[in-house]
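Contents: one structure, followed by commentary.
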Amino acid sequence: MPARPPFVLCLSGHDPIGGAGLHADIETLSAFGVHGLSAVTALTVQDSRNVARVVPTDPNLLAAQLDCLLADCQPDAIKLGLIGAIEQLPVIAEVLRRCAVPVVCDPVLRAGGGAELVPGSYAAALRQILLPLVTVLTPNAAEARRLAPEADDLNAAGRALLTAGCAQVLITGGDEPGPTVVNLGYQPNTAPQRYVWPRLPETFHGAGCTLASAIAARLAQGDTIAAALQQAQAWTQASLARAYAVGHGRRIPGRLP
Ligand code: PLP
């Protein structure tokens with residue numbers, strides 16, 4: 001038995017219905033036997049259909065929480081979700097530099113229900129400030145296009161985001177049309193890797209958070225990036241097949257034991 005489980009630090013928003021954000025992160029980490037450390041980046045008003053309001057945490061409070069936490073323990077990987085405010089980005093960048101562990105970033109920009117979750121200039125700021133510090137970036141197709149507005153197509157967006165500094169980009173295709181879900185993996189100097197999954201009939205709330213947390217869990221456990229991507233996608237697909245309804249909108253991935 002290891003002396004302790006791996007630790008993943010999650011910087012994510014709070015979703016009261018428990019589908020996305022920190023609930024998704026910690027349930028996923030627990031399923032992998034990984035302990036979650038956390039700081040809440042934003043409170044939200046939302047249900048299973050859409051997000052009505054995002055209230056970012058004061059950057060000074062976030063910095064104080066992280067300073068206190070990191071003086072006491074060290075994560076083995078970091079997972080970034082909804083960040084909520086441009087002013088939090090330098091605080092988070094400093095923590096990523098200080099910890100020097102694998103970082104998985106789910107660049108949350110808009111809710112599946114359609115609500116904008118971040119200010120207009122946020123995508124450009126995220127790209128400039130955080131992407132050089134990220135190990136695995138997991139945008140959906142719409143987020144990839146917004147993060148790389150200069151790109152003519154999705155492949156060009158994947159390559160542009162690599163150039164911005166992350167080691168691996170995984171563009172998820174759940175928000176694209178088609179009979180299957182095709183996720184596209186990009187690494188420097190290699191052809192894009194296609195991961196093809198059956199498209200399930202329902203729509204989901206919190207799938208992106210679940211996938212990114214599963215990748216972070218596997219990296220914290222020592223997987224290579226390639227193995228982490230494969231294992232995390234398979235586990236997320238299984239959780240979507242077990243999804244259940246909490247409210248009247250989209251279903252929640254089944255992450256419980
Ligand atoms: N709320 C929070 C706190 C989130 O982190 C996210 C996505 O990451 C959402 C809402 C939106 O999730 P979805 O688009 O899966 O509905």
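For ligands, and for the atoms within them, numbers begin at 1 and follow the listed sequence.
Taking the charged nitrogens against the carboxylate oxygens, D76 and R4 do have a contact shorter than 4.0 Å, which makes a salt bridge. R145 has no carboxylate O lying under 4.0 Å from a charged side-chain N of D152, or vice versa, which leaves the two without a salt bridge. By the 4.0 Å N-to-carboxylate-O rule, R127 lies close enough to E150 to be salt-bridged with it.
Between the CG atom of L137 and the SG atom of C105 there is a distance of 5.5 Å, given to the nearest 0.5 Å. Here the CD1-CD distance, from I252 to E202, works out to 12.5 Å after rounding to the nearest 0.5 Å.
The side-chain contact (heavy atoms from CB on, under 4.5 Å) test with V54 is passed by exactly one of V118, V108, L82: L82.
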Within the protein, flag every N or O under 3.5 Å from an N or O of ligand 1, and note the pair and distance.
unit_1	atom_1	unit_2	atom_2	d
ligand 1	1 (N)	Q46	NE2	2.8
ligand 1	14 (O)	G112	N	2.7
ligand 1	15 (O)	G206	N	2.8
ligand 1	16 (O)	H205	ND1	2.6
ligand 1	16 (O)	R250	NH1	2.8
ligand 1	16 (O)	R250	NH2	3.2

